Structures are given as C-alpha cells and as structure tokens.
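Okay, structure first, notes after.
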Amino acid sequence: MFIRPVPFDHPDAVKLNDEVQAEYAVRYGDGGDATYLEPSHFTPPRGLYLLGYDDNGVPVASGGWRAQDANEENYRDGDAELKRMFVIAQMRGRGLARRMLAALEEDARAAGRRRMVLETGTKQPEAVALYTSSGYEPCEKFGYYRFHEESLCYAKLL
C-alpha cells in the first residue's frame, strides 16, 4: 500500500468516506456518523488526511486526525482526534489499518499533539481489537457521541 496525504474532500477520500458511512448505517441502523467534519479540520499542521492506494492506484484505506483542545465535549489540550479510519472489505486482514494508524500517530506527534483519541462503537469489534492491540486504553467519553450507550472512547499518549 502506498500512503499519501490528500485533502479531506479529495474525490477518492469522498468515495471511501461514503463507503464507511454506508458500513456504519448497516452496523448501527442509522444514517452514519453525524460528527461535524470539514476539510479544514484536516489541514496541516492542525490535522492530516491520508489515503492508502494499492499497486493499481485504487484507494483501499483512509484515515485522518484533527487537532482538538479542551472544550465542552471533554477533549483535552493537545489532543489529536482520529477520524475515518477505514479499509475496504476485500483488503482487510492485511495490516493496512495498522500501517495507516502508525502514520497518523507519527504525524500528530510531529505536529506537537500529546494524545491521540478516538471514538468507535460496540458494533465494531475489529476496530476495538486494532486500537487496544496498538496501546489504546478506554478513556472518558468525548465528542458528539459521548452520551450514546454504544459509544466507546480510547486514548493513547503520543
């Protein structure tokens, strides 16, 4: 997989974002993730959005981080929030998500962020397994879904 930075609204990013939203709808029975995101959230140095491409130039994985600081949604100063981690179904189980996660952590650390945080859900056991095996631990709930029963929040010091 070749990983490269792209704008959050790049056509390939939009394509994979639509796929992840459709998967959320299947798993949770709603319209997908309603967290407010905009392209500027992923603009360096306060964020980054990455796409992974296969040898044929097909987008197969995505992920990004955006800077967060202390606010009413329980973020802390220096947080980097992981968003839109996704690998297309036919490419799962090959370590692509782990490579994407490592690249995002490295970039957030270089940007001066102190903690990577993420929100996932109870119906995403693959995501929970990836994050816990990568050193993430449960933390106080934050963000848009902090009051939702199916929400799970994790953090890792960078």
Side-chain angles (χ1 to χ4, degrees), residues 1 3 6-39 41-42 47-54 58-76 79-108 113 115-158:
M1 177 176 69
I3 298 174
V6 298
F8 183 69
D9 55 358
H10 182 281
D12 290 340
V14 171
K15 177 182 183 248
L16 289 188
N17 189 48
D18 288 347
E19 287 187 41
V20 73
Q21 292 288 26
E23 186 159 327
Y24 292 155
V26 168
R27 291 186 188 221
Y28 296 98
D30 59 20
D33 183 353
T35 303
Y36 176 72
L37 300 175
E38 62 181 63
H41 292 170
F42 301 94
L48 180 70
Y49 203 77
L50 299 175
L51 286 182
Y53 290 88
D54 70 9
V58 176
V60 297
S62 65
W65 71 267
R66 63 180 180 166
Q68 293 284 2
D69 290 303
N71 64 28
E72 69 281 351
E73 291 188 343
N74 292 336
Y75 293 99
R76 296 182 189 170
D79 280 353
E81 182 184 19
L82 193 65
K83 296 302 297 178
R84 296 298 188 262
M85 284 286 294
F86 181 69
V87 175
I88 63 171
Q90 57 270 37
M91 295 297 285
R92 293 179 185 161
R94 301 177 189 202
L96 304 184
R98 196 169 300 280
R99 286 183 55 201
M100 184 70 68
L101 180 60
L104 292 167
E105 288 174 349
E106 181 179 324
D107 187 77
R113 298 280 102 186
R115 182 176 82 142
M116 186 72 86
V117 298
L118 65 96
E119 189 270 336
T120 188
T122 58
K123 296 181 181 178
Q124 294 169 261
E126 310 92 330
V128 172
L130 169 68
Y131 299 130
T132 57
S133 70
S134 298
Y136 286 79
E137 297 181 351
C139 67
E140 178 182 17
K141 287 187 175 185
F142 59 84
Y144 182 83
Y145 289 101
R146 66 192 179 281
F147 302 116
H148 289 240
E149 199 173 285
E150 293 175 317
S151 173
L152 301 170
C153 292
Y154 292 88
K156 176 182 178 180
L157 293 178
L158 295 173

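Note: hydrogens, waters and symmetry copies are ignored here, and every other heavy atom, side chains too, is used. In this text the structure is predicted, and so the values were computed from the model without any measurement.
Of the possible donor and acceptor atoms, one in the side chain of Tyr145 sits under 3.5 Å from a partner among the backbone N and O of Ala34. Between the Lys83 side chain and the Tyr49 main chain, no donor and acceptor come within less than 3.5 Å of each other. A donor-acceptor pair under 3.5 Å links the side-chain atoms of Arg146 to the main chain of Gly143, judged by distance alone. In this structure, Asn71 contributes its side chain and Glu73 its backbone to a donor-acceptor pair below 3.5 Å.
If you take CG on Asp79 and CG on Asn74, they are separated by 10.5 Å, rounding to the nearest 0.5 Å. Once rounded to the nearest 0.5 Å, the distance linking OH of Tyr53 with CE of Met1 reads 11.5 Å. A distance of 4.5 Å separates CG in Asp107 from CG in Leu48, rounded to the nearest 0.5 Å. To the nearest 0.5 Å, atom OG of residue Ser62 and atom CG of residue Leu50 are 9.5 Å apart.
Counting heavy atoms from C-beta on, the side chains of Leu101 and Glu105 come closer than 4.5 Å. Leu96 has its side chain within reach of Val60: a pair of non-hydrogen atoms, C-beta onward, lies under 4.5 Å apart. Inter-residue side-chain proximity for Tyr136 and Met116 is flagged as met; some heavy-atom pair is nearer than 4.5 Å. Contact of the Phe42 side chain with the Leu37 side chain is registered, since non-hydrogen atoms from C-beta on lie closer than 4.5 Å.
Nearest heavy-atom pair across Lys141 and His148 is NZ-O, 2.8 Å. Taking all atoms of both residues into account, the shortest heavy-atom contact from Ala108 to Leu158 is CB-CD1, 3.8 Å. Shortest non-hydrogen contact noted between Ala97 and Met85 is O-CE, 3.4 Å. Closest heavy-atom contact between Glu119 and Cys153: CG-SG, 3.8 Å. Val87 and Ala61 get closest at one heavy-atom pair: CG2-CB, 4.0 Å. What you find for Lys156 and Ser134 is that their closest heavy atoms are NZ-O, 2.8 Å.
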Would Phe142 and Gln68 satisfy side-chain contact (heavy atoms from CB on, under 4.5 Å), going step by step from the backbone distance to the final call?
CA-CA 11 Å; Phe142 59 84; Gln68 293 284 2; over 6 Å; no
Under the side-chain contact (heavy atoms from CB on, under 4.5 Å) criterion, do Leu152 and Tyr131 qualify, and how do the steps go?
CA-CA 11 Å; Leu152 301 170; Tyr131 299 130; over 6 Å; no
Stepwise side-chain hydrogen bond (donor to acceptor under 3.5 Å, both in side chains) check, Tyr28 with Glu150:
CA-CA 9 Å; Tyr28 296 98; Glu150 293 175 317; over 6 Å; no
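Remark: Glu38 CD is packed, more than 12 non-hydrogen atoms of other residues, nucleotides or ligands lying under 6.0 Å away. Atom CD of Gln90 has more than 12 neighbouring heavy atoms from other residues, nucleotides or ligands inside a 6.0 Å radius. Within 6.0 Å of CZ in Arg76 there are 12 or fewer heavy atoms belonging to other residues, nucleotides or ligands. Summarising the local packing, CD of Glu126 is surrounded by more than 12 heavy atoms from other residues, nucleotides or ligands at distances under 6.0 Å.
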Sequence neighbours left out, cut at 3.5 Å: what donor-acceptor pairs do the side chains of residues 14-24 make with other protein atoms?
| residue | atom | partner | partner atom | Å |
| --- | --- | --- | --- | --- |
| Asn17 | OD1 | Arg84 | NE | 2.5 |
| Gln21 | OE1 | Asp33 | N | 2.6 |
| Gln21 | NE2 | Asp33 | O | 3.3 |
| Glu23 | OE1 | Arg92 | NH2 | 2.7 |
| Glu23 | OE2 | Arg27 | NE | 3.1 |
| Glu23 | OE2 | Arg27 | NH2 | 2.8 |
| Glu23 | OE2 | Arg92 | NH2 | 3.4 |

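In this view, Ala67 and Arg46, Trp65, Arg113 satisfy the side chain to side chain contact (heavy atoms under 4.5 Å, CB included) rule, not counting sequence neighbours.
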